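Quick notes on the structure that follows.
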Number of protein chains: 4
Amino acid sequence: MERTEQAQMVLGNLISAVEMLENCPDFSALMPEVRVNLVYALPGARTPDEVAAIDGRITVVRGLPHAPGLPGWGASDHMARLIIEVRKYDPTINAGINFKYDRTVMEIAREYCSERGWLFGWIDRTREPDEVAERDGSSMPWKVKQLVDSSGGVPRLFYEGEGWGKEPLFVALGSRATEVAEIAIEIARRYREKTD
Amino acid sequence: MERTEQAQMVLGNLISAVEMLENCPDFSALMPEVRVNLVYALPGARTPDEVAAIDGRITVVRGLPHAPGLPGWGASDHMARLIIEVRKYDPTINAGINFKYDRTVMEIAREYCSERGWLFGWIDRTREPDEVAERDGSSMPWKVKQLVDSSGGVPRLFYEGEGWGKEPLFVALGSRATEVAEIAIEIARRYREKTD
Amino acid sequence: MERTEQAQMVLGNLISAVEMLENCPDFSALMPEVRVNLVYALPGARTPDEVAAIDGRITVVRGLPHAPGLPGWGASDHMARLIIEVRKYDPTINAGINFKYDRTVMEIAREYCSERGWLFGWIDRTREPDEVAERDGSSMPWKVKQLVDSSGGVPRLFYEGEGWGKEPLFVALGSRATEVAEIAIEIARRYREKTD
Amino acid sequence: MERTEQAQMVLGNLISAVEMLENCPDFSALMPEVRVNLVYALPGARTPDEVAAIDGRITVVRGLPHAPGLPGWGASDHMARLIIEVRKYDPTINAGINFKYDRTVMEIAREYCSERGWLFGWIDRTREPDEVAERDGSSMPWKVKQLVDSSGGVPRLFYEGEGWGKEPLFVALGSRATEVAEIAIEIARRYREKTD
């Protein structure tokens, strides 16, 4: 397949994923303060410009998940760099989504992983050495290495614990945007059942 | 390529086409009263559900072309049926866009076609026989047949003249949504130069 | 009240009216091809710049009425000039909304008016003299005069019959945007009951 | 003025404020991770339901500030409760907006306040006693009291320092939404000049 065709499939798959999320009112309860990033990288992407994301992040309007903009290249920075880094360990991962962390979400996510025999993980931000945090661009490689080392591989679901000035967040990883949307939606459904 | 992959490429190409149009302020001047439909059909599409279109039609917000919704299957009816019908004569056509008709647009479109050696055409709504207009679903086949017969083939640019209760409209046809967006954008640029 | 305060009340009332319409799925069935204009004029408005309207017109996204832009001054031309002209006959009218015309809507609107003792009217576009249609800016005064003369005053609900190249449209008039939204919503409810 | 009229003026003023922000590309650089809340309270508001805010928060789409939803009652929780609490000390405050904190913004904000003879303040989240943080609903009263005590009154501009799991944020307060938008825009302009 050509590069242009691949790029269009990425954008199209993001549209399908957004539609799935917008049709899931339960997902509103998983909205983090920083809003939701949904990203999908081209094969071999090396910079955020080769990673498509929902421009403006997914937010909640009238109680429902809503994408304020279209998918666009370079529309995400942090999540894009996460995917690029993760692929150094597992090249089948192309897409990611973040959502709210709390104790209930954690229990659901852990159970969900164990049902499927998936790895589950977490990044302990407090263990980041000062020299890593201070050197520009070295934080992400350190975090992903710590995640992979402590989880025994690339986990499909993990959270990044709270940090100084940083909201804790969950992340689901997968091969396509529709796949990570599916995971997020299933967790949202179980979350509603547990918190109703 | 699988059906799902084809479907995602269609949606992704529509996103690229929308981005091109949203980045072209000149296109606002080609906005018809009925707003702009931009459609892209799956290979072999037989019903509007197999044709993707911009949900809510493209409109003008803050002076710029703007898509209020995402591309979705079945989001257009009239333009979708037009593409389905046109493909009976020319199976390379998958996408279409409509825009404003006026005398200046017509001159530009005619010239644009002659530069490229493309067929140019028009549908004369006034010649539609009463028995065609009255039988449900027989209007589109009649119109497309009339268009193809009078143009000597499927034209890449044509207009549907005004009718009783119907705004006259221009249509560009092509193999992909980005291709018809490109045509519309070039016409918009020439329109601005002529009307400034 | 100051001019700025009046202007803000107009914008705020438009927001309330939009919210009412967006919460009414039935209203989607009254969407005309040209989409819905909702306008509200400042007291004494003389030009469209003193009339606020929904930027981008109200459209249908995901099956529901949706405002793609915010209310803005000068965002409508035709409906704004209609309100300005109507106020020469009835200065209590400040707001208007248009929606789809068909036989069923007409019957409902006529009944609705007769229940309330309101005037009902229509503009016959076919009776517009050539010299009026050709002189720029003289069409609206002629149309409103014809409407008022034939209805015995300014009607709260009327339609403009189809014309050459013009979709037929219904219009509701009132003192505030929320008032005309209420009328449109009630008609939409009755329309659903009749066409279900 | 009646309650309904006041409510509409609040919504209308929010629309004007949003328009100001959407027209200011510089403001995109002040976007915090949590996105921007813009709120305006009714006189005497006691609950977030009597405070209007931009539904979905203001985000950045295509590089420009963008409101994904309309102003709505109860659309904000944290900022709404902040305004309600602040008014116990200064009843002239009705509106607030938050934006990014960094060292440069702080210097600009401090200078801006000193030029105008305004109070400038900050909330030190690290000084919040455990028993306050743990008791539901007691955090905001504590924070606002600490802010007022340390600033010598209600400051027009202040920041809430970073906390455990919390992004640091700036807040501007004022009597109307357009007023706090004006402050945010002026700071954004100076920020662009300093960081260009």
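Note that the structure is predicted; figures quoted are calculated from it, not measured.
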Do other residues, nucleotides or ligands put more than 12 heavy atoms under 6.0 Å from the [atom1] atom of [X]?
X: A/Lys145; atom1: NZ; value: no
X: D/Glu182; atom1: CD; value: no
X: A/Arg116; atom1: CZ; value: yes
X: D/Arg127; atom1: CZ; value: no

- Task: Please state whether the side chain, the backbone, both or neither of D/Arg62 comes within less than 4.5 Å of a heavy atom of chain A.
- Result: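 It is both, since atoms from each part get that close.
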- Task: Give, as side chain, backbone, both or neither, the part of D/Ser28 having an atom under 4.5 angstrom from any heavy atom of chain A.
- Result: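 For D/Ser28, neither part sits under 4.5 Å from chain A.
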To check you understand the geometry: which heavy-atom pair defines the closest contact between [X] and [Y], and what is its length?
X: D/Pro68; Y: A/Pro68; value: CB-CB, 3.8 Å
X: A/Gly56; Y: D/Thr59; value: O-OG1, 2.9 Å
X: A/Asp55; Y: D/Val60; value: OD1-O, 3.8 Å

- Item | Option that, when pairs with chain D are counted at under 4.5 Å, heavy atom only, ranks first among A/Glu167, A/Lys166, A/Met31 |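 Among A/Glu167, A/Lys166, A/Met31, the one with the most close pairs to chain D is A/Lys166.
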- Message: Using a 4.5 angstrom heavy-atom cutoff, name the option from A/His66, A/His78, A/Arg125, A/Glu162 with the most pairs to chain D.
- Response: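 Among the listed options, the one with the most contacts to chain D is A/Glu162.
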- Message: Distance check, rounded to the nearest 0.5 Å: A/Arg35 atom CZ versus D/Glu33 atom CD?
- Response: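 A/Arg35 atom CZ to D/Glu33 atom CD measures 12.0 Å (nearest 0.5 Å).
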